[in-house]
Chemist: 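Handing you a structure now.
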Amino acid sequence: MHDLRLVREQMHLLRDGFARRGKLDTLGPILDRLEGLEKERRALITAVEERKARRNVMTQDVAQKKRVGEDVTELVAESRSVGAEIARLEADLTATESTVHGLMLELPNITRDGVPAGDESHNAIVRSWGTPRDATGVRPHWDVAGELGIVDLARGAKISGSGFIVYRGLGARLVRSLINLMLDTHTSEHGYEETWVPLVVNRTSMTGTGQLPKFEDDMYALHGDVGFLISTAEVPVTNLYRDEILDAADLPKALTAYSACFRKEAGAAGKDTRGLLRVHEFDKVELVRYAAPDESDAELERLSGHAEAILRKLELPYRVLLLAAGDTGFASTKTYDLEVWAPGVGKWLEVSSCSSFGDFQARRMNIRYRPSPGEKPRLVHTLNGSGLALPRIIAALIEHGQHPDGSIAIPAALQSYLGTARLG
RNA sequence: GGAGGGAUGGCCGAGAGGCUGAAGGCACCGGUUUGCUAAACCGGCGUACUGGGAAACUGGUACCGAGGGUUCGAAUCCCUCUCUCUCCGCCA
């Protein structure tokens, strides 16, 4: 969420930002509406407070007069009528405020300097690593994995539905191995604290990180309004410090978590949905960082570096994209996507999205830090990224390590976890 | 699931319709003293919104878990909800 002050004093920043996202058509009218509502809101505040001040004086007067035994019936009557006026104005104020707040929650973040304007065709490759394997003769992972018996798509669909995966044998162990490799690396080499968080969160948490109110259709809601299945561990982990004040000495704070992630992806059927490419439930190791504002740029580089380190350990060729404004997520100021090359499907697959949110999430969650003792608390900056999402990594491993006989070479870093150097 | 207790500032903790933004303590900040550290003493010390001001600052309003109600006036009385603790039952 943006500071309301922007609506009042820096409207052009919002307009420019939304224009870079290509969203001015839909968001421009909302800004116009907000501008008027904000004026109205402040006028109502002034009106209400003026009357409250008056009533407070009268109320003191009543107490005073009663003490000396004077008649107060007239004063009480006047105070009562001011009270009625206050009630009326406050009802207006509450309505206006909730409209303003609702609209503010729907405004996306604005991207920071250096992020290209426009849609995804303006995404920029900022670096790459490794040599993408030639696609000729490499079969897609769903064929090979099926033959090897490590992934069972048919039974996953039977017991849960399409987009739910059953891993078996070394496939199941591969999932566990990848999770362990990632968590071990992030905790012992990158300094993250390991956490284990609930997979169910409440509406407040979902709103805090920005999934709500806009994307309710994309997630699984539990019956009886008791919560949602998380779409990413970002939600519980980032909400860990909601409504808290951190010490400056605690920053940057680095947290990692493995979790299952659940996504309905309504309307996403059709493209790129085969095999492990897009599924409703998947496993992911997430990285979350809280940083002081002047550190958040450097922190984003660190964070994506930590995710990249996993790809290098897995010996998977990848490239790093700086997303254009129009492709950058709702809450993000700047996002790097990490994509691995999958020769079997002949595509670059997004396996991590590393974002810096500025104070956008922190304002929604009221997460602050005290720069130094005695100073006023300030909003922290939050960042997160996958480190990494498993299904597409598994797809890439199967395709990249594929031998002509259908067996798969396992990268050295993973062998001790998996207990073997090849599958099949 | 049943029965009770509780929720007050960064933390602990008083307060029981008006004189309470809230005693006292801890922590923190500034100062005095001190060979250093500690201690002692003095002073300061919440947040948000809103008005005025270039700013320092200053006027106002609100905030005692959340929301509603009673009242001229609510931290204090009433209702609902949330969370928490203790005990009983059930269960992994």
Side-chain angles (χ1 to χ4, degrees), chain A residues 1-10 34-105 196-208 212 222 224-228 236 239-251 253 290 292 359-360 362-380:
Chain A
M1 189 163 66
H2 293 289
D3 192 335
L4 243 189
R5 245 183 298 260
L6 285 184
V7 168
R8 214 146 65 212
E9 296 162 10
Q10 308 255 262
L34 267 171
E35 202 162 28
L37 283 167
E38 169 60 5
K39 280 208 187 87
E40 196 179 316
R41 185 183 73 91
R42 286 193 299 155
L44 283 166
I45 287 172
T46 309
V48 166
E49 290 189 349
E50 183 269 326
R51 282 157 185 81
K52 281 187 173 173
R54 244 161 60 203
R55 183 178 66 182
N56 285 346
V57 170
M58 285 189 261
T59 281
Q60 288 308 307
D61 228 17
V62 170
Q64 185 65 37
K65 290 204 159 112
K66 272 198 164 176
R67 232 167 283 147
V68 296
E70 281 185 47
D71 177 58
V72 294
T73 49
E74 201 170 308
L75 247 185
V76 164
E78 192 185 344
S79 176
R80 186 182 291 151
S81 89
V82 172
E85 219 176 321
I86 290 171
R88 226 174 37 243
L89 287 165
E90 266 190 334
D92 285 355
L93 178 60
T94 307
T96 306
E97 274 177 340
S98 95
T99 307
V100 167
H101 189 243
L103 291 174
M104 289 301 284
L105 283 179
W196 189 277
V197 291
L199 305 180
V200 172
V201 296
N202 56 33
R203 187 169 282 276
T204 308
S205 294
M206 280 293 190
T207 306
L212 288 179
L222 269 34
D225 205 22
V226 290
F228 302 88
N239 272 279
L240 238 30
Y241 291 95
R242 170 149 47 84
D243 292 319
E244 295 193 35
I245 299 173
L246 302 168
D247 279 339
D250 293 336
L251 300 178
K253 195 176 259 302
Y290 295 81
D359 61 14
F360 189 88
R363 185 171 292 106
R364 287 174 166 237
M365 285 180 284
N366 192 28
I367 304 177
R368 296 171 296 167
Y369 77 106
R370 209 178 286 280
S372 62
E375 236 185 298
K376 279 191 153 197
R378 296 184 58 187
L379 293 171
V380 299

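The chains referred to below are lettered A, B, ... by the order of the sequence lines, with proteins before strands, and numbering in each begins at 1.
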Chemist: Please list, chain by chain and in numerical order, all residues satisfying ring pair (Phe, Tyr, Trp, His ring centres under 6.0 Å) with A:Y241, sequence neighbours excluded.
Modeler: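 Applying ring pair (Phe, Tyr, Trp, His ring centres under 6.0 Å) to A:Y241 gives A:Y290.
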Chemist: Which residues pass the salt bridge (charged side-chain N to carboxylate O under 4.0 Å, His left out) test with A:R363, not counting sequence neighbours?
Modeler: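 Testing A:R363 for salt bridge (charged side-chain N to carboxylate O under 4.0 Å, His left out), a comparison that skips the adjacent residues, returns A:D359.
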Chemist: I'd like to know if the side chain of A:T207 reaches the main chain of A:R203, judged simply by a donor and an acceptor atom lying under 3.5 Å from each other, with no hydrogens or angles considered.
Modeler: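 Judged by distance alone, yes, a pair lies under 3.5 Å.
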Chemist: Is a salt bridge present between A:K39 and A:E35, judged by a nitrogen-to-oxygen distance below 4.0 Å?
Modeler: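 Not counted as a salt bridge, because no side-chain N and carboxylate O are separated by less than 4.0 Å.
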Chemist: B:A48 P sits how many Å from A:R378 CZ, rounded?
Modeler: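 In whole Å, B:A48 P and A:R378 CZ are 13 Å from each other.
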Chemist: What is the separation between atom NZ on A:K52 and atom C1' on B:C49, rounded to the nearest whole Å?
Modeler: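 From A:K52 NZ to B:C49 C1': 11 Å.
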Chemist: Protein-nucleotides 15-23 of chain B N/O pairs closer than 3.5 Å?
Modeler:
{"from": "B:G18", "atom 1": "N2", "to": "A:T59", "atom 2": "O", "distance (Å)": "3.1"}

Chemist: Between P on B:A48 and CZ on A:R363, what's the gap in Å once rounded to a whole number?
Modeler: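 Taking CZ of A:R363 and P of B:A48, I get 12 Å after rounding.
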Chemist: Show me the protein contacts with nucleotides 76-81 of chain B, counting only N or O atoms at under 3.5 Å.
Modeler:
none

Chemist: Using the C1' atom as the point on both nucleotides, what is the distance between B:A66 and B:A7, in whole Å?
Modeler: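 Per the computed distance, 11 Å lies between those C1' atoms.
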Chemist: What residue pairs, at least two apart or across chains, pass salt bridge (Lys or Arg N to Asp or Glu O under 4.0 Å) with a residue in residues 70-83 of chain A?
Modeler: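 Every candidate salt bridge (Lys or Arg N to Asp or Glu O under 4.0 Å) pair involving residues 70-83 of chain A fails, so no pair, neighbours aside, qualifies.
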Chemist: On a whole-Å scale, what distance lies between the P atoms belonging to B:G30 and B:G9?
Modeler: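 That atom pair is separated by 26 Å.
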Chemist: What does A:R54 touch in the nucleic acid at a heavy-atom separation under 4.0 angstrom: a base, only the sugar-phosphate, or nothing?
Modeler: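 No contact.
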Chemist: What distance, rounded to whole Å, do you find between the two C1' atoms, one in B:A75 and one in B:G15?
Modeler: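 Roughly 8 Å separates the two C1' atoms.
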Chemist: Taking side chain to side chain contact (heavy atoms under 4.5 Å, CB included) as the definition, give me every residue that meets it alongside A:V200, ordered by chain and number, with sequence neighbours left out.
Modeler: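 Partners of A:V200 under the side chain to side chain contact (heavy atoms under 4.5 Å, CB included) test: A:L222, A:L229.
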Chemist: Note every stem involving RNA chain B: at least three consecutive Watson-Crick or G-U wobble pairs, i with j then i+1 with j-1, with both distances under 3.5 Å.
Modeler: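 Counting only runs of 3 or more consecutive pairs, the stems involving RNA chain B are B:1-7 with B:82-88, B:10-12 with B:24-26, B:28-32 with B:40-44, B:46-52 with B:57-63, B:65-69 with B:77-81.
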Chemist: Going by heavy atoms closer than 4.0 Å, what residues in residues 80-99 of chain A are next to RNA chain B?
Modeler: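 When residues 80-99 of chain A is checked for heavy atoms under 4.0 Å from RNA chain B, the hits, listed by number, are A:R80.
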Chemist: Do A:R364 side-chain atoms and A:L105 backbone N/O form a donor-acceptor pair below 3.5 Å?
Modeler: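 A pair under 3.5 Å: yes.
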Chemist: Taking only residues two or more places apart in sequence or in another chain, which ones pass salt bridge (charged side-chain N to carboxylate O under 4.0 Å, His left out) with A:K253?
Modeler: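 Salt bridge (charged side-chain N to carboxylate O under 4.0 Å, His left out) list for A:K253, sorted by chain: empty.
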Chemist: Could you check how far CD1 of A:I245 sits from C1' of B:C11, rounded to whole Å?
Modeler: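 About 12 Å, once rounded to whole Å.
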Chemist: With heavy atoms under 4.0 Å as the rule, sort A:R8 into base, sugar-phosphate or nothing.
Modeler: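 Answer is sugar-phosphate: A:R8 comes under 4.0 Å of backbone atoms only.
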Chemist: Between N or O atoms, less than 3.5 Å apart, protein on one side and nucleotides 55-60 of chain B on the other: list the pairs.
Modeler:
{"from": "B:G60", "atom 1": "N2", "to": "A:E49", "atom 2": "OE1", "distance (Å)": "2.8"}
{"from": "B:G60", "atom 1": "N2", "to": "A:E49", "atom 2": "OE2", "distance (Å)": "3.2"}

Chemist: In chain order, what residues pass the salt bridge (charged side-chain N to carboxylate O under 4.0 Å, His left out) check against A:E50, with sequence neighbours excluded?
Modeler: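 Expected list: A:R54.
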Chemist: Between A:T59 and A:N56, is there a side-chain donor-acceptor contact under 3.5 Å, judged purely by atom types and distance?
Modeler: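 A:T59 and A:N56 do not have a side-chain donor-acceptor pair below 3.5 Å.
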Chemist: Just how far, in rounded Å, is P of B:G9 from CZ of A:R368?
Modeler: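 To the nearest whole Å, that distance equals 13 Å.
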Chemist: Please measure how far the C1' atom in B:A62 lies from the corresponding atom in B:G67, and state the result in whole Å.
Modeler: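 Here B:A62 and B:G67 have their C1' atoms 16 Å from each other.
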Chemist: Considering only the P atoms, how many Å lie between B:G4 and B:C78, rounded to the nearest integer?
Modeler: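 About 16 Å, rounded to a whole number of Å.
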Chemist: Residues two or more places apart in sequence or in another chain: which of them pass salt bridge (charged side-chain N to carboxylate O under 4.0 Å, His left out) with A:D92?
Modeler: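 For A:D92, no residue satisfies salt bridge (charged side-chain N to carboxylate O under 4.0 Å, His left out) once neighbours in sequence are set aside.
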Chemist: Can you check the distance between B:G44 and B:G6, where both ends of the measurement are the C1' atom (answer in whole Å)?
Modeler: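 Per the computed distance, 33 Å lies between those C1' atoms.
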Chemist: So, taking the atom named CZ in A:R51 and the one named CE in A:M58, what distance separates them when rounded to the nearest 0.5 Å?
Modeler: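 Nearest 0.5 Å value for the CZ-CE distance: 10.5 Å.
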Chemist: When the P atoms of B:U58 and B:G5 are considered, how many whole Å apart are they?
Modeler: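 It comes out at 46 Å once rounded to the nearest Å.
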Chemist: Say we look at B:A3 and B:C11: how far apart would their P atoms be, to the nearest angstrom?
Modeler: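 So the two P atoms sit 33 Å from each other.
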Chemist: If you measure from CD1 on A:I245 to CZ on A:R378, what distance do you get to the nearest 0.5 Å?
Modeler: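 So the gap between those two atoms works out to 14.0 Å.
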